[in-house]
> 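Below is the structure I would like to discuss, written out as structure tokens.
All heavy atoms count here, side chains included; hydrogens, waters and symmetry mates do not.
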Amino acid sequence: MTESGPEDSSEAQPELCDLCGDVTRDSARWSAVVPDSSSITVDPEFDGTRLIVGCSRQHLAELAEQYKHRPFVDAELWQGKIARAMQQHPDGVSPEDLAEETGLSLQQIEVGVTWRTIDFPHRRQQFRKKDAPEAYSRRFSARRS
């Protein structure tokens, strides 16, 4: 984790604390970069990392602790890289070209695709829980028909 203290820039945009949702003040904003295999960014150099923001050092520490216990799953990261590349090729792309664009090996691509296939039903099931909003339930019901 890379941490920085209160922001000094007078031009900094207001942000929300990722823990409590309070608006952070420029003079009291704490941030850190943590590993997160679900984080795919515009710049592939930063894939697998997430910027977290806290309104205090204590909130930042709590957030960092949560991420410390979240497993980093390589296949999840690879799947995200594949999905980003596939958005640029709606008509498809060869495995070799996909490997070149993502920087992944063919074996990593296979693992990433398999991870999505295994994980997707699990995530869909989470939305079907009784406490899920009715709109989500209707959306998934319509897709199954």
> Would you say the side chain of P44 lies within less than 4.5 Å of the side chain of R84, judging by non-hydrogen atoms?
yes
> Kindly give the heavy-atom pair with the smallest separation between V93 and M86, and that separation in Å.
CG1-SD, 3.6 Å
> How many angstroms lie between atom CD1 of I82 and atom CD of Q108, to the nearest 0.5 angstrom?
9.0 Å
> How far does OG1 of T24 sit from CG of L60, to the nearest 0.5 angstrom?
11.5 Å
> With a 3.5 Å cut-off and no angle check, do the side chains of D36 and S38 form a donor-acceptor pair?
yes
> To the nearest 0.5 Å, how far apart are CG in L63 and CH2 in W30?
13.5 Å
> Would you mind reporting whether L98 and P95 have side-chain heavy atoms less than 4.5 Å apart?
no
> For a quick test of reading the model, state the closest non-hydrogen atom pair linking C55 to C20 and the distance between them.
SG-SG, 3.8 Å
> Could you tell me the separation between the CG atom of D74 and the CD atom of Q79, rounded to the nearest 0.5 Å?
13.5 Å
> Which heavy-atom pair separates D18 from L51 by the least distance, and what is that distance?
OD2-O, 4.0 Å
> Could you give the distance from OG1 (T41) to CG (D47), rounded to the nearest 0.5 Å?
4.5 Å
> Which residues end up grouped with L16 if you chain together Ile, Leu, Val, Met, Phe, Trp and Tyr wherever their side-chain heavy atoms are less than 4.5 Å apart?
V23
> Mind checking the CG-CD1 spacing from L104 to I109? Nearest 0.5 Å is all I need.
5.5 Å
> Tell me if a side-chain donor or acceptor on Q88 pairs with a main-chain N or O of A85 at a distance below 3.5 Å.
no
> Can you list the residues that meet the side-chain contact (heavy atoms from CB on, under 4.5 Å) rule with S37, with sequence neighbours excluded?
R70, F72, V73, E76, L77
> Would you find more than 12 non-hydrogen atoms of other residues, nucleotides or ligands less than 6.0 Å from Q107 atom CD?
no
> Is there a side-chain contact between V34 and T49 in this structure, where contact means two heavy atoms from C-beta onward sitting under 4.5 Å apart?
no
> Taking V113's backbone N and O only, do any of them form a donor-acceptor pair with T117's side chain (distance below 3.5 Å, no angle check)?
yes
